[in-house]
Protein chains: 2
Amino acid sequence: MSYESEKLAATLKAAREKKGLSQRALSAHAGVPQSHISKIESGAVNLTVSSLTAIANALDLELALVPRKAAPAVRTITRSINDVPKATPEARKEIARLAKQLEHIQSLKIDSPVFENLQRQFREMRQFENLIRNTDTLRSIREALKAVENAGGVAALQEASKQMNSFRNALAHGIADEERTRLPRPAYRLDGDNDE
Amino acid sequence: MSYESEKLAATLKAAREKKGLSQRALSAHAGVPQSHISKIESGAVNLTVSSLTAIANALDLELALVPRKAAPAVRTITRSINDVPKATPEARKEIARLAKQLEHIQSLKIDSPVFENLQRQFREMRQFENLIRNTDTLRSIREALKAVENAGGVAALQEASKQMNSFRNALAHGIADEERTRLPRPAYRLDGDNDE
DNA sequence: TCATATGATACATTAAAGTAGATCAAGCGC
DNA sequence: GCGCTTGATCTACTTTAATGTATCATATGA
């Protein structure tokens, strides 16, 4: 058995045990015989994708093919979810406020592509919320959004969007930076945002 | 075939094409028969982990089991890695002009297969727009298209299509050249074109 | 001590993945 | 037209994943 296969087997076994499932219980969920699960976990078989996904899904795991360059960041994220993924109470509170603010703006029916963009950035930023150490930027974004109601309009949205984008990128970069201390790899950039 | 399998197949195929490898070239790298790669990409088989990792590794991809909660973040990162380089403003501008021109021609309801062909070539060319260093050819194509309105007709379209085709191929070759510095492999061609 | 649940194993069978090789039509460059 | 590469498809053969069922030793608990 290859290294990859062994790691896979270990991951599955660990995930099952973490969920407190017996092989038979998992068998029932995944529709795969217990005998086969045993073989799989011991690395005795070269399983097929169908078996793998069946078991993985039963364990709330998703099969993914990630670019090598992204792999370290992905590992970090996965680990951060598994460990103690709780954001600080302060960050959670500030995010909740921001969400409320965005909801309010939505109710104003502004309907600008800039706003849709902002909402997407907000969602993506929240994926890294456990990494937030400092809520200043979030507060600043909320401040910017207040102007939408009064005078600012779309200009205020754009300012907020700009800040949200760089904040999200900073968080993502933070992940990469963590990894770089261990792996002498070039940086990666979170692009894909061209507010033009 | 399940949805997961199809997505996997599509991912592998896209990754291979992005690297500018033929199925045979990938076959050599991954140690998997070309015939089997063909089957895999068409979703005709339920592949094993060993096949999957062999091919994935040859494509600089890594197999990962990510917790469901982490999956969206992983997708965000993966996507951000994939669209790294940006086209120059000049290239973008020229492409925009060309797009407008094509839109205009479409409004003329010429309805020739040559035009459909041209549009497809245009789309395919845009996949490499980040690689454009020189916009002369694009301008030349746009010049050729002007004749469609006046006298040229289908002949002008054919001329534009021919230029578009070779321009697209040149860009694609550029990719292959980049890859060849790392992989001592034969060139790659972008097929699927029928200017008849 | 007796019952139960666990994971590992055994066995026979079936379905299919994988290999090695050849062939094919289509497209492209020359 | 000619030669080459492309991806798809076929054949024949071997290997093995997966199933279904059953058993086993070992904990754990009543």
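Only a predicted model underlies this, so the values are computations on that prediction, with no experimental measurement involved. Keep in mind that the numbers below use all heavy atoms, side chains included, and drop hydrogens, waters and symmetry copies.
- B:I37 has its CD1 atom 13 Å from the C1' atom of D:dT6, to the nearest Å.
- Proximity note for B:S22 (side chain, C-beta onward) versus D:dT9, C:dA17, D:dT6: the nearest is D:dT6.
- Qualifying side chain to side chain donor-acceptor pair (under 3.5 Å) partners for B:R97, counting only residues two or more places apart in sequence or in other chains: B:E94.
- Applying the salt bridge (Lys or Arg N to Asp or Glu O under 4.0 Å) rule to pairs touching residues 48-57 of chain B yields nothing, sequence neighbours excluded.
- The two residues A:E41 and A:A9 come nearest to each other via the heavy atoms O-CB, 3.8 Å.
- Partners of B:S35 according to the side chain to side chain donor-acceptor pair (under 3.5 Å) rule, which considers only residues two or more places apart in sequence or in another chain, do not exist here.
- Atom CG in B:N46 sits roughly 12 Å away from atom P in D:dA17 (whole-Å rounding).
- The number of heavy-atom neighbours closer than 6.0 Å to NZ of B:K100, taken from other residues, nucleotides and ligands shown, is 12 or below.
- One atom, CD1 of A:I40, and another, P of C:dT9, lie 15 Å apart when rounded to the nearest Å.
- Residue pairs meeting the salt bridge (Lys or Arg N to Asp or Glu O under 4.0 Å) criterion with at least one partner in residues 43-58 of chain A, sequence neighbours excluded, do not occur; the list is empty.
- Interatomic distance, CG of B:L21 versus CG of B:L59, reported as 6.5 Å (0.5 Å rounding).
- Nucleotide C:dA17 holds its P atom 14 Å from the CG atom of A:L47, rounded to whole Å.
- The stretch residues 56-64 of chain A does not touch DNA chain C, since none of its heavy atoms comes less than 4.0 Å from the strand.
- A donor-acceptor distance shorter than 3.5 angstrom exists from the side chain of A:T53 to the backbone of A:V49, with no hydrogens or angles considered.
- Going from atom CG of B:L12 over to atom C1' of D:dG7 covers 16 Å, rounded to whole Å.
- Atom CD in B:Q23 sits about 17 Å away from atom P in C:dA20, given to the nearest Å.
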Below 3.5 Å between N/O atoms, which protein atoms pair up with nucleotides 19-27 of chain D? Just atom names and distances, please.
unit_1	atom_1	unit_2	atom_2	d
D:dT21	O4	A:S35	OG	3.4

